[in-house]
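In what follows, a single structure is set out as structure tokens and then discussed.
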There are 2 protein chains.
Amino acid sequence: MTKDLKDSFNAAGSGRRPGAPGAAASVSGGIGTSGAGRGTATGGTSSGGSGVGEAPPAPAALAAKVRTLAPSMTRSMQRVAEAVAGDPAGCAALTVTGLAELTGTSEATVVRTARLLGYPGYRDLRLALAGLAAQQQSGRAPAVTADIAVDDPIADVVAKLAYDEQQTLADTAAGLDTVQLGAAVTALAGARRIDIYGVGASGLVAQDLAQKLLRIGLVAHAHSDPHLAVTNAVQLRSGDAAVAISHSGSTGDIIEPLRVAFDHGATTVAITGRPDGPVSQYADHVLTTSTARETDLRPAAMSSRTSQLLVVDCLFIGVMQRTYESAAPALAASYEALAHRHSPRTR
Amino acid sequence: MTKDLKDSFNAAGSGRRPGAPGAAASVSGGIGTSGAGRGTATGGTSSGGSGVGEAPPAPAALAAKVRTLAPSMTRSMQRVAEAVAGDPAGCAALTVTGLAELTGTSEATVVRTARLLGYPGYRDLRLALAGLAAQQQSGRAPAVTADIAVDDPIADVVAKLAYDEQQTLADTAAGLDTVQLGAAVTALAGARRIDIYGVGASGLVAQDLAQKLLRIGLVAHAHSDPHLAVTNAVQLRSGDAAVAISHSGSTGDIIEPLRVAFDHGATTVAITGRPDGPVSQYADHVLTTSTARETDLRPAAMSSRTSQLLVVDCLFIGVMQRTYESAAPALAASYEALAHRHSPRTR
DNA sequence: GTCACACTTGAAAGATATTTTCGTCCGCTG
DNA sequence: CAGCGGACGAAAATATCTTTCAAGTGTGAC
């Protein structure tokens with residue numbers, strides 16, 4: 001709509017993707033103002049044959065990607081992305097000029113959009129589109145994406161909500177960068193101490209993660225109080241880890257402690273729906289959650305929470321794998337300890 | 001002259017595509033069209049000697065077609081066709097020049113082969129190839145039902161976890177009693193005050209619900225402290241509501257406050273995975289969450305949380321529907337109030 | 001309120017890829 | 001063995017994609 005906004009981060013954003021499109025590995029690269037260039041732990045993994053970026057042509061993940069990246073697109077690009085996501089088959093049949101005309105933009109914009117979506121150029125996007133179309137064709141047709149209405153019967157609410165959340169999960173899984181995830185897991189698994197920041201709805205996710213990590217014997221703490229978070233962040237140093245959870249990616253109360261942790265040498269992880277947001281500046285590893293449309297009856301907080309929780313679960317399982325020797329007994333012990341809190345057996 | 005012929009080709013090509021992009025509504029429509037959509041009029045055009053010329057762009061039957069047409073092909077064309085049928089994915093990645101080199105032929109031959117196979121040109125063959133590859137790919141993907149193992153690569157963890165949680169959601173939705181849910185919604189929507197009990201992982205769900213209800217102007221409070229919970233429960237009376245969340249259904253710390261609330265005349269709701277457990281004794285309405293198997297690496301807390309959250313979301317949306325007049329403005333106001341907590345601007 | 005800056009955008013130039021044309025060469029037939 | 005028909009590829013012609021650049025537009029600063 002009238003959400004025109006231009007942003008100062010874009011400078012950072014575009015600077016972040018230098019030559020190759022979507023070089024996620026270097027997300028936090030040189031952005032940190034605090035000098036002290038910290039190499040990203042992820043190193044130069046992957047990077048396939050040709051100079052193409054690490055992002056492999058996403059086959060089915062495209063719709064998810066569009067949704068995730070939409071907020072960081074310009075108006076024209078959004079129009080293009082929308083057309084592409086809405087009718088893959090139709091767009092696959094169009095040349096770059098045709099698609100430009102259809103969306104009322106220019107060829108340059110179409111190419112730019114393709115780049116943003118992770119393809120080397122429009123040609124490759126088109127190929128992926130053809131693949132996607134074929135999949136949809138063979139797959140299922142019944143997509144009941146209807147929004148929830150005020151007068152929907154309760155049974156419909158349940159069905160729609162469940163469907164939406166499933167969709168969110170699929171999107172999130174598809175859009176999650178496993179390289180970044182792996183790096184984040186490594187950081188957490190080896191951390192001396194883990195601080196987790198989150199406020200509002202994200203605060204609960206932060207607590208969830210902290211609870212889980214504590215259960216497997218790691219030293220983790222979730223902070224919802226911005227002041228205390230910063231105060232604690234100062235204590236962090238190399239070998240520690242900090243995780244920031246913010247859907248918007250621009251929550252000041254979250255960014256500040258993460259920045260402090262970053263500056264003090266801790267390995268930092270951001271879980272956000274806006275990987276181009278300010279919070280990523282101070283994150284060694286960025287994990288992207290899906291951004292679903294919100295409606296009157298369905299606050300964004302709902303799907304972002306679902307998405308965040310999946311990411312957090314993945315993190316947790318990953319950490320548990322790495323520390324299985326010590327984690328499994330610790331987890332068992334925590335169950336043991338709780339047993340007596342339950343009423344006798346009710347089978 | 002020849003130019004005219006070619007133009008007619010193009011006209012045919014674009015003529016076939018116009019509908020789809022225009023109306024983004026029909027997602028699969030487009031492909032169906034292209035699959036079946038034979039440009040009959042133009043189809044017969046030129047296209048080499050054999051009568052096969054006008055066959056529609058083959059969807060998946062490409063391999064068969066290659067075999068059928070092979071006899072009528074020249075040696076060079078056969079080489080091309082063979083390569084295409086043998087490795088659709090690989091060939092889709094090649095330009096006409098690349099494929100010519102690979103097969104030791106020329107561009108012209110490749111194009112001729114594409115024509116023989118029923119496509120307007122190589123470009124379209126390539127698109128079809130991409131689609132074919134995608135189908136093959138997706139065909140052999142869907143088996144991720146296995147449990148998560150200690151040595152699973154991180155990508156598998158993500159896929160399995162997402163799949164599991166999706167399953168949990170589906171189960172929960174299927175098992176949810178909408179009558180009970182409706183009754184619980186009514187109780188909450190009209191309550192003077194709402195207390196919510198949950199400890200441990202369920203405590204976060206309780207807080208989530210409380211947060212949401214508060215946002216739409218209801219008086220809700222989540223209690224994790226058993227003592228305070230009971231203390232507060234004593235204050236409840238008819239016209240109030242209490243919600244207990246416990247996966248096991250036998251958590252003493254949760255049952256006690258619910259009992260007190262029940263005895264004092266409040267309408268009580270239990271969200272539990274064990275509807276036959278003790279907690280249900282004191283619940284006017286029982287909402288059942290799904291109970292997924294747990295494994296070494298996947299604590300039950302994880303899926304129970306997913307399930308509980310869906311139930312809680314349904315409750316919330318239901319309440320919101322009932323109180324839309326007052327809820328919507330309240331929700332909007334809460335967003336408004338948070339706006340300044342975010343960094344300047346984000347697109 | 002005005003200015004300057006930065007970002008977005010499309011037009012057009014520049015590069016690739018595809019298609020067509022056309023001449024050569026091979027193999028076959030008489 | 002000469003003549004013929006067609007396969008084949010090189011290169012021109014065209015379409016398509018990509019990049020560059022300058023103008024337009026909105027935003028924040030002063």
Side-chain angles (χ1 to χ4, degrees), chain A residues 1-15 19-21 50-52 72-81 91-116 119-127 129 276, chain B residues 1-14 17 45-50 72-81 91-116 119-127 129 343-347:
Chain A
M1 321 281 193
T2 54
K3 292 184 82 179
D4 0 270
L5 349 75
K6 95 177 340 220
D7 53 4
S8 37
F9 322 123
N10 244 359
S14 43
S50 52
V52 180
S72 62
M73 288 181 183
T74 65
R75 276 185 303 273
S76 303
M77 285 166 106
Q78 279 182 5
R79 279 211 301 283
V80 175
C91 292
L94 292 169
T95 71
V96 69
T97 311
L99 185 53
E101 262 175 39
L102 176 71
T103 57
T105 65
S106 66
E107 291 100 330
T109 301
V110 172
V111 172
R112 275 190 285 258
T113 307
R115 289 267 163 73
L116 190 66
Y119 301 91
Y122 175 69
R123 203 185 308 276
D124 300 75
L125 167 63
R126 197 175 164 186
L127 239 46
L129 242 36
D276 60 335
Chain B
M1 195 333 153
T2 45
K3 183 163 192 275
D4 288 348
L5 174 68
K6 165 179 189 298
D7 279 351
S8 85
F9 241 137
N10 265 357
S14 45
R17 304 161 178 159
T45 29
S46 58
S47 205
S50 48
S72 62
M73 288 181 184
T74 66
R75 275 185 305 277
S76 302
M77 284 168 106
Q78 279 181 7
R79 278 210 305 282
V80 175
C91 292
L94 293 169
T95 70
V96 69
T97 310
L99 185 53
E101 258 175 43
L102 177 72
T103 57
T105 65
S106 67
E107 291 100 326
T109 300
V110 171
V111 172
R112 276 190 282 260
T113 308
R115 291 267 163 74
L116 192 64
Y119 302 91
Y122 175 69
R123 203 188 309 277
D124 299 73
L125 168 62
R126 198 176 165 187
L127 241 44
L129 243 36
S343 301
R345 86 206 114 273
T346 318
R347 179 187 321 282

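In this text the structure is predicted, and so the values were computed from the model without any measurement. Numbered from 1 within each chain, the chains take letters A, B, ... in sequence-line order.
Here D:dG9 presents its C1' atom at 13 Å from CD of B:E101, a figure rounded to the nearest Å. Rounded to whole Å, atom P of D:dA15 lies 17 Å from atom CG of A:L94. As rounded to whole Å, 13 Å separates atom P of D:dT16 from atom CG of B:L127. For B:Y119 and C:dT18, the OH to P distance is 16 Å, given to the nearest whole Å. In this entry the distance linking CZ of B:R126 with C1' of C:dA17 reads 9 Å, nearest Å. One atom, OH of B:Y122, and another, P of D:dC17, lie 14 Å apart when rounded to the nearest Å. Atom pair B:L129:CG and C:dT18:P shows a separation of 12 Å (rounding to whole Å applied). As a whole-Å value, the separation of B:R123 CZ from D:dC17 C1' is 9 Å.
Nearest heavy-atom pair across B:L125 and B:A114 is CD2-CB, 3.8 Å. Closest non-hydrogen pair, B:Y122 versus B:C91, comes out as OH-O, 3.5 Å.
For the atom pair OG1 of A:T74 and CZ of A:R112, the computed distance is 7.5 Å after rounding to the nearest 0.5 Å.
The side chain of A:R75 has C:dT9 as its nearest neighbour among C:dT19, C:dT9, D:dT16. Counting only heavy atoms from C-beta on, A:S76 has its side chain closest to C:dG10 among C:dA17, D:dC8, C:dG10. Distance from the side chain of B:T97 is smallest for C:dT18 among the nucleotides C:dT18, D:dT18, C:dT20.
Among the heavy atoms of the strands, none lies under 4.0 Å from A:G98. Residue-level contact check: B:R79 touches neither bases nor backbone, having no heavy atom under 4.0 Å from any strand.
Residues A:V96 and A:L99 are not in side-chain contact: their nearest non-hydrogen atoms beyond the backbone lie 4.5 Å or more apart.
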Could you run down the sub-3.5 Å N/O contacts of the protein with nucleotides 11-13 of chain C?
none

Between N or O atoms, less than 3.5 Å apart, protein on one side and nucleotides 4-6 of chain D on the other: list the pairs.
none

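By the side-chain hydrogen bond (donor to acceptor under 3.5 Å, both in side chains) test, B:T113 pairs with no residue at all, sequence neighbours left out. For B:L127, the side-chain contact (heavy atoms from CB on, under 4.5 Å) partners two or more places apart in sequence, or in a different chain, are A:R126, A:L127, A:A130. By the side-chain hydrogen bond (donor to acceptor under 3.5 Å, both in side chains) test, B:T103 is found to be paired with B:T105, residues two or more places apart in sequence or in another chain being considered. Every residue meeting the side-chain hydrogen bond (donor to acceptor under 3.5 Å, both in side chains) condition with A:S106, not counting sequence neighbours, appears here in chain and number order: A:T109.
Taking 4.0 angstrom as the limit, A:T109 places a side-chain polar atom (N or O) nearer than this to OP1 or OP2 of C:dG10. For C:dT20, one of the phosphate oxygens OP1 or OP2 lies less than 4.0 angstrom from a side-chain nitrogen or oxygen of B:R115.
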Checklist entry - What's the verdict on side chain to side chain contact (heavy atoms under 4.5 Å, CB included) for B:R115 and B:M77, showing C-alpha distance, side-chain angles and the deciding distance? => result CA-CA 11 Å; B:R115 291 267 163 74; B:M77 284 168 106; over 6 Å; no

